[in-house]
Amino acid sequence: MSRLLAPRLAYFAGVARTEHVTRAAQEMGVPQSTLSRAMVRLEQDLGVDLFARRGRTVSLTPAGRAFLSSVERALAEIERAAEEVRADADPATGKVAFGFLHTMGSETVPGLIRAFRADHPRVRFSLVQNYGEAMLEGLRSGELDLCLTSPVPDAPDLVGRLLDEQKLRLVVPADHRLAARRRIRLAEAADETFVTLEPGYGMRRITDDLCQEAGFKPRIAFEGEEAETLRGLVAAGLGVALLPPPAVPRPGVVELTVTAPRAVREIGVAWLDGHPDTPPVAAFKKFLLSRRGHLLPD
């Protein structure tokens, strides 16, 4: 029924407003015969008389008045939605739905947005902070236009571009037996208890893969959702952790350079393949791609 009615609702509202078929046709720029046929067909589809006719002059029946009230609300909602999507696509003031990892939130992403808005001061952002797999689902569902994630996704429906690499460190308590060291081979931590992110997080996958490459499977004492929580637990002596550098040094821990295996994580930008970009999204994507090799703070 909605597919039948929708094309004729604006015609109905125009005739109801003017109470004159000829005048309504002139205002809407359609032939009078087209408008008259549309109103007859609308009444036939509904099985209700909406107008009392006197020549080309019409007046609403009680059913027509009740129908008009709902039609006006529906048309106003359609107009509001149209204005909203037009505003979101505006090159100067449009919106970018952007996702990023928790570890990117304190310094990297604010710096990126600040630099982008130097040339695009009125572009708006809808920001989502989450783990990698959840953001990829956000791309697929249309919740996100772009996301910064790790590892760079390799999926047929997504496009991923490597932007930078971030060195990972083995974080140990300040009173740990390894705390006096500056560098370490990960195999030397084989007997340690680890605190890690939950399965599904990119850092968890990297931790498992690096430990396997070093010849051991880590013993897990805690699985969390946020890197700085893990640092706090390391400081409390619960275990050690492989983590990216903190935005601000945390007391109670020592961060060791891992010399083998090569401990890095890739940071990339991803978007849905074949999805058309609005002008603000295209501009921000171009900006992110221009930061290849210097995405992360020094």
Side-chain angles (χ1 to χ4, degrees), residues 1-18 24-25 27-30 34-35 38 41-42 45 67-101 104-105 109-110 112-149 153 155-161 163 268-291:
M1 182 61 73
S2 62
R3 289 194 298 271
L4 290 172
L5 300 182
R8 296 190 285 271
L9 296 184
Y11 287 170
F12 167 72
V15 175
R17 183 178 64 254
T18 62
E27 287 185 5
M28 288 185 283
V30 297
T34 298
L35 193 58
R41 184 63 184 273
L42 178 62
D45 289 338
F67 189 55
L68 177 63
S69 177
S70 295
V71 166
E72 287 177 333
R73 288 197 300 273
L75 292 174
E77 183 63 19
I78 292 170
E79 183 65 25
R80 184 202 63 76
E83 287 299 323
E84 185 175 291
V85 296
R86 282 197 293 262
D88 287 349
D90 185 275
T93 62
K95 184 178 75 172
V96 179
F98 182 47
F100 54 94
L101 299 166
M104 306 264 93
V109 168
L112 289 172
I113 291 177
R114 182 168 56 248
F116 176 75
R117 295 190 74 188
D119 294 324
H120 304 82
R122 294 192 294 159
V123 167
R124 296 169 290 123
F125 282 86
S126 172
L127 300 176
V128 174
Q129 193 173 24
N130 215 325
Y131 66 98
E133 288 299 325
M135 288 192 296
L136 300 186
E137 289 308 309
L139 294 177
R140 293 182 173 107
S141 69
E143 178 189 3
L144 295 175
D145 299 309
L146 302 164
C147 71
L148 280 184
T149 189
D157 59 336
L158 300 173
V159 179
R161 294 288 182 267
L163 296 180
V269 59
W271 60 88
L272 190 63
D273 190 22
H275 184 70
D277 293 331
T278 63
V281 171
F284 190 57
K285 181 190 292 183
K286 182 179 178 181
F287 168 79
L288 290 175
L289 293 173
S290 74
R291 308 283 291 199

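Heads up: numbering here begins at 1 and tracks the sequence. The structure displayed is predicted, hence computed values, not measured ones.
When every heavy atom of A89 is checked against every heavy atom of P280, the shortest pair comes out as O-CD, 3.5 Å. V281 and L146 get closest at one heavy-atom pair: O-CD1, 4.1 Å. Summarising the geometry of V128 relative to M135, their closest heavy-atom pair is O-SD, 4.3 Å, with the distance given to 0.1 Å. Closest non-hydrogen pair, A10 versus L75, comes out as CA-CD1, 4.0 Å. In this structure, H120 and A283 approach most closely via the heavy-atom pair NE2-CB, 3.9 Å.
You'll find the side chain of D45 reaches within 4.5 Å of the side chain of R8, heavy atoms only. Taking 4.5 Å as the limit, every side-chain heavy atom of V85 sits out of range of all side-chain heavy atoms of T278. A heavy-atom distance below 4.5 Å is not found between the side chains of L9 and Y11. Using a 4.5 Å heavy-atom cutoff, the side chains of V159 and L272 are not in contact.
Taking CG of L163 as the start and OG1 of T149 as the end, the distance is 11.0 Å to the nearest 0.5 Å. From L139, atom CG reaches atom CG of D273 across 11.5 Å, with rounding to the nearest 0.5 Å. Atom CH2 of residue W271 and atom NE2 of residue H275 lie 12.5 Å apart, to the nearest 0.5 angstrom. The CG atom of L158 sits 8.0 Å away from the SG atom of C147 when rounded to the nearest 0.5 Å.
Evaluation of the side-chain contact (heavy atoms from CB on, under 4.5 Å) rule for A115 yields F287, R291 as partners, not counting sequence neighbours. Looking at residues two or more places apart in sequence or on another chain, you find no salt bridge (charged side-chain N to carboxylate O under 4.0 Å, His left out) involving R161. The side chain to side chain donor-acceptor pair (under 3.5 Å) check on E77 picks up R80, with sequence neighbours excluded. For D90, there are no salt bridge (charged side-chain N to carboxylate O under 4.0 Å, His left out) partners at least two apart in sequence or on another chain. The side-chain contact (heavy atoms from CB on, under 4.5 Å) search around T18 returns H20, R23, A24, E27, not counting sequence neighbours. Residues satisfying the salt bridge (charged side-chain N to carboxylate O under 4.0 Å, His left out) test with E143, not counting sequence neighbours, are none. Residues passing the salt bridge (charged side-chain N to carboxylate O under 4.0 Å, His left out) test with D277, sequence neighbours excluded: K285. Residues satisfying the side chain to side chain donor-acceptor pair (under 3.5 Å) criterion with S69, sequence neighbours excluded, are R73. Qualifying ring pair (Phe, Tyr, Trp, His ring centres under 6.0 Å) partners for F67, counting only residues two or more places apart in sequence or in other chains: F12.
Listed by first and then second residue, the salt bridge (charged side-chain N to carboxylate O under 4.0 Å, His left out) pairs involving residues 116-131 are D88-R124 (not counting sequence neighbours). Counting only residues at least two apart or in different chains, salt bridge (charged side-chain N to carboxylate O under 4.0 Å, His left out) contacts with residues 127-137 comprise E133-R205, E137-R140. Residue pairs meeting the ring pair (Phe, Tyr, Trp, His ring centres under 6.0 Å) criterion with at least one member in residues 71-100, sequence neighbours excluded, are F98-F284.
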Could you give me the CA-CA distance, side-chain angles and deciding distance for V109 and L101, then say whether side chain to side chain contact (heavy atoms under 4.5 Å, CB included) is met?
CA-CA 9 Å; V109 168; L101 299 166; over 6 Å; no
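With respect to the salt-bridge test (charged N to carboxylate O, under 4.0 angstrom), the residues D145 and K95 do not qualify.
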